[in-house]
Amino acid sequence: MNYETAGDPMTGLKWTRKTCCKVAEELKRLDIQISERTVARILKQLDFSLRVNKKSVSSASSNDRNEQFVYIEEIRKQFAQEGNPILSVDTKKKEKIGSFKNQGTTWTQKSIEVSDHDFSSTAKGKGIPYGIYDCQANCGTVFVGTSFDTPEFAVECVEKWWRYEGRKRYPSANHLLILADGGGSNGSNCRTWKYWLQHKLCDPHGISVSVSHYPAGCSKWNPIEHRLFSEISKNWAGRPLDSYETVLNYIRTTKTTTGLKVKAYLVRKKYKKGKTVTNEQMKQLNIVKDQNLSKLNYTLHSSENGN
């Protein structure tokens, strides 16, 4: 079930690609005798639910969708066996900082009063939470930006994670795997994302970085959505995010019964949008693309190392 689970980053609801019958069949192969009805009951206890058809499939859905899911499952198993870090990354919904209504309910004796209009002009600022979820350690790190969600911002967040936590948690690792959506600041077609990975992460630290992107319309399968972002949303539900310290506090106090721990940092650096990378700069990258799914899977090596 570990590689077959998706979830909603806001509600925490989870679902799986496998039917109860298929789950029962796989358990029987492990000499665990169990019925479909028992599987269904256990799934409900684990917060899975039956899902109806929903008109949300992107028209740009990839033809290689299933093949990419198989590839991601295999490479995750490979990195896990080798003891190398597996990171799931994404940008959470941007938040206006101020006395604004936050969706959700909370137990209070009196309703919290907030502004009657959510105008950006009256906000104290904006929070851009870029999340990094360590799949091996069940730990999350969120860097809350204050300017723009750019590829440079995304890469610098990953680089900070490596300096703050990664190389201490994985002292012998020289290769890490990043699972990312197909679009946004860490998109599969984003040249600057690859460029900054090379020059801000691989070269300075002498490590290799493999990246696998989820196909178009499949971002909900990215583990960070239902293992980190949904828990943060539930933790601050119904609470106005009236300051950056409030945002950081709710992120840092997010916990689960499975042992999730979360750290949070404020990033005040101003990032500029619109930076580009030339064809010549792209040719200088030490990048190796997967033969079959080259647009979605690739590895960047340190410039000092060969391919």
Side-chain angles (χ1 to χ4, degrees), residues 1-6 17-18 26 29-30 64 66-90 130-141 154-182 186 188 193-194 196-215 218 221-228 258-263 285-307:
M1 299 292 292
N2 191 35
Y3 304 119
E4 301 288 340
T5 299
R17 302 171 68 197
K18 292 184 180 296
E26 292 196 15
R29 295 193 189 101
L30 300 175
D64 299 321
N66 189 65
E67 185 178 356
Q68 179 63 2
F69 272 108
V70 172
Y71 180 92
I72 290 176
E73 179 178 353
E74 291 176 349
I75 197 170
R76 286 184 66 179
K77 289 180 179 178
Q78 175 188 330
F79 271 73
Q81 291 172 356
E82 295 172 350
N84 286 320
I86 302 172
L87 305 181
S88 174
V89 304
D90 195 15
Y130 190 85
I132 300 171
Y133 175 71
D134 186 340
C135 299
Q136 304 282 69
N138 191 27
C139 294
T141 306
V155 171
E156 288 193 353
C157 289
V158 178
E159 191 274 336
K160 288 176 183 175
W161 174 87
W162 178 251
R163 282 192 290 114
Y164 296 172
E165 302 175 48
R167 62 186 180 187
K168 299 176 184 177
R169 191 175 297 154
Y170 305 93
S172 61
N174 59 4
H175 195 179
L176 63 87
L177 171 64
I178 295 178
L179 306 176
D181 292 351
N186 46 224
S188 58
W193 159 253
K194 299 180 179 72
W196 291 123
L197 279 177
Q198 176 79 70
H199 293 283
K200 289 183 178 288
L201 186 58
C202 296
D203 290 350
H205 298 285
I207 61 175
S208 297
V209 178
S210 291
V211 184
S212 288
H213 295 273
Y214 285 88
C218 300
W221 297 94
N222 198 349
I224 194 173
E225 301 287 356
H226 54 279
R227 295 187 182 178
L228 177 60
T258 59
L260 173 69
K261 296 180 180 179
V262 188
K263 295 182 179 180
L285 298 185
N286 192 4
I287 185 171
V288 178
K289 298 182 179 180
D290 182 78
Q291 294 181 352
N292 298 322
L293 300 166
S294 60
K295 291 183 178 180
L296 298 177
N297 305 289
Y298 48 88
T299 298
L300 287 151
H301 299 280
S302 168
S303 297
E304 298 180 355
N305 300 328
N307 292 347

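All residue numbers in this chain count up from 1 along the given sequence.
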Task: Charged tip of Lys194 within 45° of Tyr298 ring normal and under 6.0 Å - done: yes
TODO: Verify the distance criterion only: is there a donor paired with an acceptor across the side chains of Asp181 and Asn222 at less than 3.5 Å?
DONE: yes
Open item on the list: Do His301 and Cys202 make a side-chain contact, defined as non-hydrogen atoms from C-beta onward lying under 4.5 Å apart?
Closed with: no
Open item on the list: Would you compute the distance between atom CD of Gln78 and atom CD1 of Ile86 and round it to the nearest 0.5 angstrom?
Closed with: 9.5 Å
Open item on the list: Please find the pair of heavy atoms, one from Ser303 and one from Gln198, that lie closest to each other, and give the distance.
Closed with: OG-NE2, 3.5 Å
Open item on the list: To the closest 0.5 Å, what do you measure between CG (Leu296) and OH (Tyr214)?
Closed with: 11.5 Å
Task: Distance-only polar pair, side chains of Asp90 and Tyr133, donor-acceptor under 3.5 Å - done: no
Task: Euclidean distance, Ser210 OG relative to Leu197 CG, rounded to 0.5 Å - done: 11.0 Å
Open item on the list: Within the 4.5 Å heavy-atom criterion, are Ser212 and Ile178 side-chain neighbours or not?
Closed with: no
Open item on the list: Less than 3.5 Å apart, any donor N or O on the side chain of Asn297 or Gln68 sitting next to an acceptor on the other?
Closed with: yes
- [ ] Evaluate the side chain to side chain donor-acceptor pair (under 3.5 Å) criterion for residues Glu82 and His175: first the C-alpha distance (whole Å), next the side-chain angles of each, then the deciding distance (0.1 Å), finally the verdict.
- [x] CA-CA 10 Å; Glu82 295 172 350; His175 195 179; 5.6 Å; no
TODO: To the nearest 0.5 angstrom, please state how far the CZ atom of Arg167 sits from the CG atom of Asn174.
DONE: 14.0 Å
Task: Phe79 versus Pro85, closest heavy-atom pair with distance - done: CD2-O, 3.9 Å
- [ ] Please step through side-chain contact (heavy atoms from CB on, under 4.5 Å) for the pair Val209 and Thr299, ending with a clear verdict.
- [x] CA-CA 6 Å; Val209 178; Thr299 298; over 6 Å; no
TODO: Please step through side chain to side chain donor-acceptor pair (under 3.5 Å) for the pair Asn292 and Glu67, ending with a clear verdict.
DONE: CA-CA 10 Å; Asn292 298 322; Glu67 185 178 356; 4.6 Å; no
- [ ] Fit a plane to each ring of Trp161 and Tyr170, take the angle between them on a 0 to 90° scale, and name the class: parallel (under 30°), tilted (30 to 60°) or perpendicular (over 60°).
- [x] tilted
Open item on the list: Please find the pair of heavy atoms, one from His199 and one from Asp203, that lie closest to each other, and give the distance.
Closed with: ND1-OD2, 3.9 Å
Task: NZ (Lys263) with more than 12 external heavy atoms under 6.0 Å - done: no
TODO: May I ask you to decide whether Lys77 forms a salt bridge with Glu73, counting only side-chain N to carboxylate O separations under 4.0 Å?
DONE: yes
TODO: Kindly indicate, with the supporting measurements, whether the criterion side-chain contact (heavy atoms from CB on, under 4.5 Å) is fulfilled by Thr258 and Arg227.
DONE: CA-CA 10 Å; Thr258 59; Arg227 295 187 182 178; over 6 Å; no
TODO: Enter the distance from Leu228:CG to Ile132:CD1 here, rounded to the nearest 0.5 Å.
DONE: 10.0 Å
- [ ] Flag the pair Val89 / Leu179 as yes when at least one side-chain heavy-atom distance between them is below 4.5 Å, and no otherwise.
- [x] no
Task: Reported NZ-to-OH distance for the pair Lys168 and Tyr164, which is rounded to 0.5 angstrom - done: 10.0 Å
Task: Close side-chain approach of Thr141 to Val262, heavy-atom, < 4.5 Å - done: no
Open item on the list: Are Arg169 and Cys139 packed together at the side-chain level, in the sense that at least one heavy-atom pair is separated by less than 4.5 angstrom?
Closed with: yes
- [ ] Check whether any side-chain heavy atom of Leu201 lies under 4.5 Å from a side-chain heavy atom of Trp162, and answer yes or no.
- [x] yes
Task: Residue pair Asn138 / Lys261, side-chain heavy-atom distance below 4.5 Å - done: no
Open item on the list: Centroid separation under 6.0 Å, is that true for the rings of His213 and Tyr71?
Closed with: no
Open item on the list: How close do Glu159 and Lys200 get, counting heavy atoms only, and between which atoms?
Closed with: CG-O, 3.0 Å
TODO: Check whether any side-chain heavy atom of Asn84 lies under 4.5 Å from a side-chain heavy atom of Leu177, and answer yes or no.
DONE: no
